[in-house]
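All figures in this text were calculated on a predicted structure; none of them were measured in a lab. Only heavy atoms go into these numbers, but all of them, side chains included; no hydrogens, no water, no symmetry mates.
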Protein chains: 2
Amino acid sequence: MYSNDELYEYVLDNIQKVVFPEELIRLKLSLSAFELLALMMSEKYQAVTMGSLAQGLSVPMSTATGIVNRLVKKGLLARGRSEEDRRVVTVSLTETGWQMMGDLKRLLYAKIDRVRDILSAEEFQTALELLHKLILGFQQEGRQPQEKVPQRRIIEIE
Amino acid sequence: MYSNDELYEYVLDNIQKVVFPEELIRLKLSLSAFELLALMMSEKYQAVTMGSLAQGLSVPMSTATGIVNRLVKKGLLARGRSEEDRRVVTVSLTETGWQMMGDLKRLLYAKIDRVRDILSAEEFQTALELLHKLILGFQQEGRQPQEKVPQRRIIEIE
DNA sequence: CCAATATACTTCGACAGGCGAAATATTGGG
DNA sequence: CCCAATATTTCGCCTGTCGAAGTATATTGG
């Protein structure tokens, strides 16, 4: 049985070993976390509107515009107009965008396979079940105070 | 047994539920991730030199200076000079700094207690063991290519 | 013992990214 | 047709990061 203090120390000492590798993946592709998420959403939903993209990333539209601009400049995303409503802009992966997502997924899956190597099949299964239980638990908790909270809290400084 | 594709989908769909709350903690205290880590290091090692702080955060010294400047302005850290070597600057928590770290830890520990509530004692124990096994496994892996890599890779863009 | 070099840190200037407010374009209702 | 509503971009400000040059102190070789 471990105390919270011990857990805190443990995580503090080891967090870099877990988090830093992801950082490296991002840097190798020279993509920010937001850009990565935008690509992932674009892959999942084919044609995403700027609005849902902004909502998915929990950023204001002006920020989403910047993110997409950079990805367009990098040749990974393409803008298009909706036929039904010509105000809405949709973004979708370009050919190179699809390739990059393929590369990225290969990297991620290699990572997952590393986990499969380290843990036994039963341990892997157990880890997933615990993770799932945690996600469900936290999801439950988040329901209550979600009523009228806008997409992001504003905190004033000084 | 889940495929990597299924796992990818699952994480993509649920990542916000896990990551976002931490974001909120940071925003409530109006501290950046780096600032938070700097405070944590200062608490753990009492008097930290700018050099080791920069190394610990994996940022160049000029960035570390900025981080510490902000924390000093916020009244959480204080600068001092080493007696043995008057070039080195040490930072340490102020009284309010200690208080803030206390508050922060209370928040984190409440989070951990939430986890303890969601999982049974045995499940909690199992989760820790699996986490530990993973960290050890990845640590092993990281040994080989670490030889001459400087603290940060430089990637050129375009 | 002291000039040259090394070390620890800060300052400066450039640049990227995030965001609110204003601007632009399109829709839909009266 | 006109006007409010909606979707998005543009603009300007601000924060944060970082390399290079600058400052202060330590160390070392002659």
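Within 4.0 Å (heavy atoms only), A/Gly66 reaches no atom of the nucleic acid at all.
For the pair A/Met61 CE and C/dA23 P, the computed distance is 18 Å after rounding to whole Å. Per the geometry, CG belonging to B/Asn69 stands 13 Å off C1' belonging to D/dT17, to the nearest Å. Per the geometry, CD belonging to B/Glu84 stands 18 Å off P belonging to C/dT7, to the nearest Å. Whole-Å rounding puts the B/Gln55 CD to C/dC9 P distance at 11 Å. Note: CG (B/Asp85) to P (C/dA6) measures 17 Å, nearest angstrom. A straight line from CG of B/Leu77 to C1' of C/dC9 spans 16 Å, rounded to a whole angstrom. Rounded to an integer number of Å, the gap from A/Arg79 CZ to C/dA25 C1' is 15 Å. Rounded to an integer number of Å, the gap from NZ of A/Lys73 to C1' of C/dC15 is 13 Å.
When side chains are defined from C-beta on, B/Lys133 counts as touching A/Ile118, because their heavy atoms get closer than 4.5 Å. Side-chain contact between A/Met101 and A/Leu76 is absent, with no heavy-atom pair separated by less than 4.5 Å. Taking 4.5 Å as the limit, every side-chain heavy atom of B/Leu93 sits out of range of all side-chain heavy atoms of B/Gln46. Taking 4.5 Å as the limit, every side-chain heavy atom of A/Thr90 sits out of range of all side-chain heavy atoms of A/Arg79. The shortest side-chain heavy-atom distance between A/Val115 and B/Leu134 falls under the 4.5 Å cut-off.
Atom OH of A/Tyr45 sits in a sparse spot, with 12 or fewer heavy atoms from other residues, nucleotides or ligands closer than 6.0 Å. Enclosure of atom CZ in A/Arg81 by more than 12 non-hydrogen atoms of other residues, nucleotides or ligands within 6.0 angstrom is indicated.
A/Arg87 contributes no side-chain N or O that forms a donor-acceptor pair with the base of D/dT8 under 3.5 Å. A donor and an acceptor atom never sit less than 3.5 Å apart when one is taken from the side chain of B/Arg86 and the other from the base of D/dT25.
Near DNA chain D, meaning a heavy atom under 4.0 Å from it, residues 41-50 of chain A has A/Thr49, A/Met50 in order of number.
Sequence order on DNA chain D of the closest nucleotides to B/Ser32 and A/Ser62 puts A/Ser62 first from the 5' end. Take the nearest nucleotide of DNA chain C for A/Glu83 and for B/Val89: the residue whose nucleotide is more 5' is B/Val89. Nearest-nucleotide positions on DNA chain C for A/Arg70 and A/Arg81 put A/Arg70 closer to the 5' end.
Side-chain contact annotation: B/Ser3 with B/Glu6, donor-acceptor N/O pair under 3.5 Å present. Side-chain contact, B/Thr49 with B/Ser52: a donor N or O sits under 3.5 Å from an acceptor N or O.
Classification of the B/His132-A/Tyr10 ring pair by plane angle, with boundaries at 30° and 60°, yields tilted.
In the helix from C/dC1-D/dG30 to C/dG30-D/dC1, the terminal helix axes, each the rotation mapping four pairs' C1' atoms onto the next four within five end pairs, subtend 10°, rounded to 10°.
Between A/Thr63 and C/dG18 there is no side-chain N or O to OP1 or OP2 distance below 4.0 Å.
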